[in-house]
Amino acid sequence: MADDAARTTTAIKVELGARSYDILIGRGLIADAGAELRRRLPGVRVAIVSDETVARLHLNALRESLRAAGIDHVAITVPAGEESKSFGMLTRVVDDILAARIERNDVVLALGGGVVGDLAGFASAIVRRGVRLVQMPTTLLAQVDSSVGGKTGINSPRGKNLIGAFHQPALVIADCGVLDSLPPRIFNAGYAEVAKIGLIQDAGFFVWLEKNWRAMAAGWPERDDAIAIACRAKAETVAADETEQGVRALLNLGHTFGHALEAATGYSDRLYHGEAVAIGMVLAHQFSARLGLAPPEDAERVAAHLAEVGLPTRIGDIPGANFTAEQLMQLMAQDKKVVRGQLTLILTRGIGKAFIARDVAPASVTEFLEEKVT
Ligand SMILES: NC(=O)c1ccc[n+]([C@@H]2O[C@H](COP(=O)([O-])OP(=O)(O)OC[C@H]3O[C@@H](n4cnc5c(N)ncnc54)[C@H](O)[C@@H]3O)[C@@H](O)[C@H]2O)c1
Ligand SMILES: [Zn+2]
């Protein structure tokens with residue numbers, strides 16, 4: 001634990017007019033959460049949603065903090081893992097929230113990774129046509145990505161995140177200290193989304209990560225700094241384009257390929273979301289180089305960095321990988337980013353220079369993937 005004297009909290013505002021909200025980033029913030037909620041949202045009752053793993057590690061600290069602030073609360077716990085982003089689990093969580101008599105001005109508080117954030121967030125969007133949501137992300141991925149921006153939802157057997165709603169949180173509290181308990185593989189999966197910010201729009205940040213990723217993985221202060229940089233970038237993108245009509249789509253760099261790989265592996269532990277994104281980002285850079293849009297050296301550099309960190313970077317790195325290009329193309333076509341048969345892909349002119357390509361010919365992607373699946 002860092003010195004208390006050295007503890008700093010960074011506040012980043014997501015500017016959305018009357019629905020603007022703060023992201024608080026720092027160490028030890030779980031302990032302060034009760035006081036923070038009492039100050040910002042006086043009189044609320046709270047339904048905490050978390051998963052079994054997070055509940056075991058961090059729920060008591062949060063409940064203690066709420067208790068000390070005199071905040072009435074209940075805890076709802078779901079099994080850990082992607083399977084919880086299902087209609088069955090949504091029904092249960094919604095019912096538990098209603099049973100706890102959470103009113104529109106009360107709070108659903110998501111304590112967990114992206115799975116809990118998406119599930120609890122969607123539940124909060126539909127219960128009583130929308131109750132307040134507070135996100136307390138506990139994975140690196142959730143801290144830099146899923147807790148900010150208001151995308152909530154569950155999976156369909158037909159694809160990932162196909163059922164959901166935009167529902168912005170009222171507050172995000174990211175306690176970077178809780179990441180100490182993350183298994184390295186899950187930390188790394190989140191790292192892919194951190195690197196993504198550099199690859200999209202901030203070559204300087206990518207260079208910083210190439211130099212500092214070890215310190216960042218080890219902890220304070222580099223980790224907190226990187227989380228703040230990535231969060232600020234996401235907050236600005238969301239403020240500029242809340243419902244993804246334009247620039248927000250850039251955050252999907254690596255995701256169209258990645259979602260197809262996740263679907264092909266059945267959303268299983270064989271491939272975490274962030275790992276799929278790492279492979280997807282490498283594919284996006286390689287495909288851009290293939291089209292003559294970006295220098296091939298940049299694709300090599302991206303692959304080298306992500307591999308050094310410990311992430312998979314090739315389709316063949318996925319345990320038991322045995323997919324055909326056609327299979328992956330079909331899964332990509334079911335993704336949300338298809339308009340009238342043309343694929344929308346995020347491509348790049350080089351590190352830090354991603355752009356939205358709206359009319360990629362599917363045949364060129366198939367041909368590229370045929371090479372990559374072998
Ligand atoms: N809404 C969005 O904008 C958005 C963006 C990116 C990803 N997502 C979604 O996020 C999900 C992935 O999120 P994730 O990677 O956080 O997965 P996750 O929520 O499943 O968490 C990964 C694992 O880490 C455990 N865990 C969480 N916090 C921990 C901690 N502090 N210490 C120890 N273990 C901990 C969890 O129990 C789980 O087993 C996917 O479903 C993806 O679609 C959503
Ligand atoms: Zn993602």
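Residue numbers start at 1 and run along the sequence shown. Counting starts at 1 for both ligands and their atoms, following the listed order.
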Option set [options], criterion heavy-atom distance to [atom], minimum:
{"atom": "atom 41 (O) of ligand 1", "options": "Q135, E82, E275", "value": "E82"}
{"atom": "atom 5 (C) of ligand 1", "options": "P79, G164, S146, G149", "value": "S146"}
{"atom": "atom 10 (O) of ligand 1", "options": "G114, S147, G113, G81", "value": "G114"}

May I ask you to check if ligand 1 and [X] share an N or O to N or O distance below 3.5 Å?
{"X": "K85", "value": "yes"}
{"X": "V178", "value": "yes"}
{"X": "D51", "value": "yes"}
{"X": "H273", "value": "no"}
{"X": "R248", "value": "no"}
{"X": "V115", "value": "yes"}

Can you tell me the protein heavy atom closest to atom 35 (C) of ligand 1 and the distance?
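For atom 35 (C) of ligand 1, the nearest protein heavy atom comes out as L182 CD2, 3.5 Å.
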Quick test: of every protein heavy atom, which one is nearest to atom 42 (C) of ligand 1, and how far off is it to 0.1 Å?
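That would be K160 NZ, 3.6 Å.
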Less than 6.0 angstrom separating the ring centers of H305 and Y191, yes or no?
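Close enough - the centres of the two rings lie under 6.0 Å apart.
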Can you tell whether the side chains of [X] and [Y] come within less than 4.0 Å, N to carboxylate O?
{"X": "R290", "Y": "E371", "result": "yes"}
{"X": "D317", "Y": "R314", "result": "yes"}
{"X": "K151", "Y": "D118", "result": "no"}

With a 6.0 Å cut-off (strictly less than), is the heavy-atom count around CZ of R67, excluding the residue itself, greater than 12?
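It does: R67 CZ has more than 12 such atoms within range.
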Taking atom CD of E326 as the centre, report whether more than 12 heavy atoms of other residues, nucleotides or ligands fall under 6.0 Å from it.
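Buried by this count: over 12 neighbours within 6.0 Å.
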Do L140 and E193 come within less than 4.5 Å of each other through their side chains, counting heavy atoms only?
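In short, these two side chains do not touch, never coming nearer than 4.5 Å.
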Using the Zn ion (ligand 2) as the apex, give the angle to atoms OE2 (E193) and NE2 (H273), rounded to 10 degrees.
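Angle OE2(E193)-the Zn ion (ligand 2)-NE2(H273): 100°, rounded to 10°.
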